Amino acid sequence: MAAELVVMGLGHVGLPLSRAAVSAGLATAGYDVSRPVVDGLTGGRSHVGGVGDTDVAAMLRAGFHATDDPAVLEGAQTVVICVPTGLTGAGLPDLSAVEDAATAVAARLHPGMLVVLESTSYPGTTEDVVRPLLERGSGLRAGEDFHLAYSPQRIDPGNPTWDVRNTPKIVSGRTALCAKHAVAFYSRFVDQLVVARGTREAEMAKLLENTYRYVNIALVDEVALFCHETGIDIWDVLHCAASKPFGFAPFSPGPGVGGHCIPVDPRYLAARAESQGFAFRTLAAAQDVLSRMPDHVVERALTILTGTAGRPEGATALLLGVTYKPDVADIRETPARQVAAGLLAAGVEVSYHDPYVPEFTVGGAPLPRTENLRDALDRADVAILLQDHACYARETLGQARCALLDTRGKAVGSRVTLL
Ligand SMILES: NC(=O)c1ccc[n+]([C@@H]2O[C@H](COP(=O)([O-])OP(=O)(O)OC[C@H]3O[C@@H](n4cnc5c(N)ncnc54)[C@H](O)[C@@H]3O)[C@@H](O)[C@H]2O)c1
């Protein structure tokens, strides 16, 4: 029997979306080009933080199945595309997965089908990239024969409060009727929908949200650099500023940004703007500051090692938390890799502690991992708190026998140096 919904791409976005749809009673199937992903899910194993094996088991019991056979798209009422939108080697938008997904749908498109793109991309992707592929491959017309929509995903992996259901969702359609069909679909498992004027507005809104974070993190990072130069306590500055109840949203400095979204999405905006003869100056400035942060951490650590161990060469550094955000297992684009590489290049012996990351490679070689935190804090010449996982208790950090470089403003103690 044909699925009501086929989710294309069963990763950090597609799997939670599938779970939400299955919970709402939609007959859902998942399509993914990765055999290990399909086999894992079929075997009841989740590869996505925030979705447990028990969730996958419940989904399978409710009739969900994952496959790498595009025939599953045949007869589906709705197809939602949640495939990756990364960057090419040259740092430009890579829409190849979106194009592949749209081509696969086009071959099975039928009148009345709703096709939604959820992947993050620049304004015009739905209309100028996805629509032509769907129309050419099917001979059908978007907005006339089938419905085409864009609805960006806001999922925040590891967030215990906001999930697919209770996070307001932007929805847009090629035509008013397309938007209406998309609203009818999402209202089955999302509490609040916000209808954008068109797909370009919805695409731009998503890029604005993530670029807002990018630029503001760069701002506090640069303020932190200035404060360090001039002997001002950045963490006290932030504490004071955050007390303003209006007109100020707090952001924290750190070793740089990571993940699949924040460092990547602004590149989509900048590249699109460039191709249209528009220079996004705030983005260029933010990128410049953010790209310097891992090296700043390395420099600060080397200075500490020169003080404690005499010289950095042969000294030992312990990285605490190598994921790009706290209490998740995701190491995509993590700045920890650049920090580790910089320390290794300076002759420092680097190891790491991270309960979420069983293996962490830098320059193709695995970094030594330690499990016993207290032991490791006693042995290292310097520990660098890169990620604020809950397991790094303030007391444990403050009592460390080694010097501690804290990039998260968490620890207090005589051996602690704040970013
Ligand atoms: N991760 C997040 O927190 C997040 C949040 C909001 C939006 N997004 C956006 O959502 C999109 C998906 O991101 P993600 O984090 O889920 O990626 P992901 O890498 O976790 O998962 C993507 C999945 O798509 C599969 N895939 C690749 N090409 C495919 C194809 N042609 N057909 C079917 N499956 C294919 C991959 O095998 C993978 O399993 C991206 O555009 C991303 O920017 C991500």
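Atoms within a ligand are numbered from 1 in the order they appear, just like the ligands themselves. As the structure is a computational prediction, the values presented were derived from the model and not from experiment. All heavy atoms count here, side chains included; hydrogens, waters and symmetry mates do not.
- Taking a cut-off of under 4.0 Å to the non-hydrogen atoms of Arg332, the atoms of ligand 1 that pass are 1 (N), 15 (O), 17 (O), 18 (P), 19 (O), 20 (O).
- Under the 6.0 Å cut-off for aromatic ring centres, Tyr214 and Tyr212 do not qualify, their centroids lying 6.0 Å or more apart.
- Note: Cys261 SG to His12 NE2 = 9.5 Å, rounded to the nearest 0.5 Å.
- Every atom of ligand 1 with a heavy atom of Asp100 under 4.0 Å away is listed here by number and element: 31 (N).
- The residue among Val105, Thr85, Asn159 with a heavy atom at the shortest distance from atom 40 (C) of ligand 1 is Thr85.
- What sits closest to atom 21 (O) of ligand 1 on the protein, heavy atoms only, is Gly11 CA, 3.2 Å.
- Per-residue contacts place Cys261 under 4.0 angstrom from the following atoms of ligand 1 (heavy atoms of the residue considered): 2 (C), 4 (C), 5 (C), 8 (N), 44 (C).
- Between the choices His12, His47, Met8, the shortest heavy-atom distance to atom 20 (O) of ligand 1 belongs to His12.
- Side chain of Asp288 to backbone of Ala284: no donor-acceptor contact under 3.5 angstrom is found.
- Listed by number with element, the atoms of ligand 1 under 4.0 Å from a non-hydrogen atom of Ile155 are 3 (O), 5 (C).
- Under the 3.5 Å distance criterion, with hydrogens and angles disregarded, a donor-acceptor pair is assigned to the side chains of His353 and Tyr392.
- Below 3.5 Å of separation, one finds no N or O of Gln153 facing any N or O of ligand 1.
- The shortest non-hydrogen separation linking Ala380 to Leu318 is CB-CB, 3.9 Å.
- Of the protein's non-hydrogen atoms, Asp32 OD1, 2.6 Å is the one closest to atom 37 (O) of ligand 1.
- Remark: the Asp94 side chain and the Ser96 side chain contain an N/O donor-acceptor pair separated by less than 3.5 Å.
- Nearest protein neighbour of atom 8 (N) of ligand 1, counting heavy atoms only, is Val13 CG2, 3.5 Å.
- Note on ring orientation: taking the six-membered ring where Trp is involved, the planes of His147 and His181 are parallel (angle under 30°, cut-offs 30° and 60°).
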Just list the side-chain donor-acceptor pairs under 3.5 Å for residues 190-204, sequence neighbours left out, or say none.
{"unit_1": "Asp191", "atom_1": "OD1", "unit_2": "Arg165", "atom_2": "NH1", "d": "2.9"}
{"unit_1": "Arg200", "atom_1": "NH2", "unit_2": "Asp128", "atom_2": "OD2", "d": "3.0"}
{"unit_1": "Glu201", "atom_1": "OE1", "unit_2": "Gly198", "atom_2": "N", "d": "3.2"}
{"unit_1": "Glu203", "atom_1": "OE1", "unit_2": "Gly124", "atom_2": "N", "d": "2.6"}
{"unit_1": "Glu203", "atom_1": "OE2", "unit_2": "Thr125", "atom_2": "N", "d": "3.4"}
{"unit_1": "Glu203", "atom_1": "OE2", "unit_2": "Thr126", "atom_2": "N", "d": "2.8"}
{"unit_1": "Glu203", "atom_1": "OE2", "unit_2": "Thr126", "atom_2": "OG1", "d": "2.6"}

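- Near Ala97, with a cut-off below 4.0 Å to any heavy atom, the atoms of ligand 1 are 28 (N), 31 (N).
- Remark: ligand 1 atoms within the under-4.0 Å shell around heavy atoms of Ala101 are 31 (N).
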(request) Report the C-alpha separation of His389 and Tyr356 in whole Å, then their side-chain angles, then the decisive distance to 0.1 Å, and conclude whether the ring pair (Phe, Tyr, Trp, His ring centres under 6.0 Å) test is met. (result) CA-CA 9 Å; His389 292 323; Tyr356 297 97; 4.8 Å; yes
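- Residue contacts with ligand 1 for Pro157 involve side-chain atoms from C-beta outward but no N, CA, C or O (heavy atoms, distance under 4.0 Å).
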